[in-house]
Amino acid sequence: IRFMYRGEISPEKVGNAISHFDFYIQPSKSENFSHSIFEAFNQGIPVIISDQTPWKSLPAKKAGWDVNLNEVNALQTAIEEAIHMDAADYLSYRKGARKLAEQYMADNNFVEDYIKLLG
C-alpha cells in the first residue's frame, strides 16, 4: 500500500493524473461541488470523501465512500474496505464511479443552459 501527496495539479492535468489512481481520497471538511471529485468519477476512479460534499450514498452506488469525519475511524474503515476489495468488487466500483459521472451529465443539460445564458 502506497500513499503519495503530489501537491497541486493544474486543472488541465487533473484528468491525466487521476487516471492513474486506484482510489481518490479527499477528506475535506466542506465542498460545494469539487470538480476534482467529479473528475475522479469521470475517470472511473472510486472515491473516499467526507459527507460534506453533494456526492451522497456512494457505497450504495458502488462509486466510493462518503464518510462522516466526526465518527472515530470512519476514514480508516473506508480505506481498509477499499484496499481489501477483490478484483470483481473493484471493477464494480470503477464502473459505478463512471456511471455516476455519466448520470450527472445526463441529468444536467449544460448545452441548453449555455445557449439560454448566452442567447
Participant: Mind checking whether P46 and F41 have side chains closer than 4.5 Å, heavy atoms only?
Facilitator: no
Participant: State plainly whether one hydrophobic cluster holds both F21 and W55, where clusters connect Ile, Leu, Val, Met, Phe, Trp and Tyr through side-chain heavy atoms under 4.5 angstrom apart.
Facilitator: yes
Participant: For S92, give me all partners under side-chain hydrogen bond (donor to acceptor under 3.5 Å, both in side chains), at least two apart in sequence or on another chain.
Facilitator: none
Participant: Not counting sequence neighbours, which residues clear side-chain hydrogen bond (donor to acceptor under 3.5 Å, both in side chains) with S10? List them please.
Facilitator: E12
Participant: Quick one: side chains of residues 79-88, donor-acceptor pairs under 3.5 Å with protein atoms, not counting sequence neighbours, listed by atom name and distance.
Facilitator:
from, atom 1, to, atom 2, distance (Å)
E80, OE2, Q76, NE2, 2.9
E81, OE1, W65, NE1, 2.8
H84, ND1, E80, O, 2.7
D86, OD1, A88, N, 3.2
D86, OD1, D89, N, 2.8

Participant: Could you tell me which non-hydrogen atom of I18 sits nearest to which non-hydrogen atom of A40, and how far apart they are?
Facilitator: CG2-CA, 3.7 Å
Participant: Nearest 0.5 Å, please: how far is CD in Q43 from OH in Y24?
Facilitator: 12.0 Å
Participant: Just to verify, what does S34 make a side-chain hydrogen bond (donor to acceptor under 3.5 Å, both in side chains) with, not counting sequence neighbours?
Facilitator: Q26, S36
Participant: Begin with the C-alpha distance, continue with both residues' side-chain angles, and end with the deciding distance and a verdict on side chain to side chain contact (heavy atoms under 4.5 Å, CB included) for I45 and D22.
Facilitator: CA-CA 6 Å; I45 307 300; D22 294 316; over 6 Å; no
Participant: Not counting sequence neighbours, which residues clear side-chain hydrogen bond (donor to acceptor under 3.5 Å, both in side chains) with R98? List them please.
Facilitator: N42, E102
Participant: Any sub-3.5 Å donor-acceptor pair from S30's side-chain atoms to Q52's backbone N or O?
Facilitator: no
Participant: Mind listing the closest non-hydrogen atom pair of V67 and A74 along with its distance?
Facilitator: CG1-O, 3.8 Å
Participant: With clusters defined by side-chain heavy atoms of hydrophobic residues (ILVMFWY) lying less than 4.5 Å apart, directly or transitively, does I9 cluster with V47?
Facilitator: yes
Participant: Any salt bridge (Lys or Arg N to Asp or Glu O under 4.0 Å) pairs touching residues 43-71, not counting sequence neighbours?
Facilitator: none
Participant: Step through it carefully: locate the ring centre of F23, locate the ring centre of Y90, and say whether they are under 6.0 Å apart.
Facilitator: yes
Participant: For residues L58 and I49, determine if any side-chain heavy atom of one lies less than 4.5 Å from a side-chain heavy atom of the other.
Facilitator: yes
Participant: Going from CD1 on I25 to CD1 on I37, what distance comes out if it is rounded to the nearest 0.5 angstrom?
Facilitator: 12.0 Å
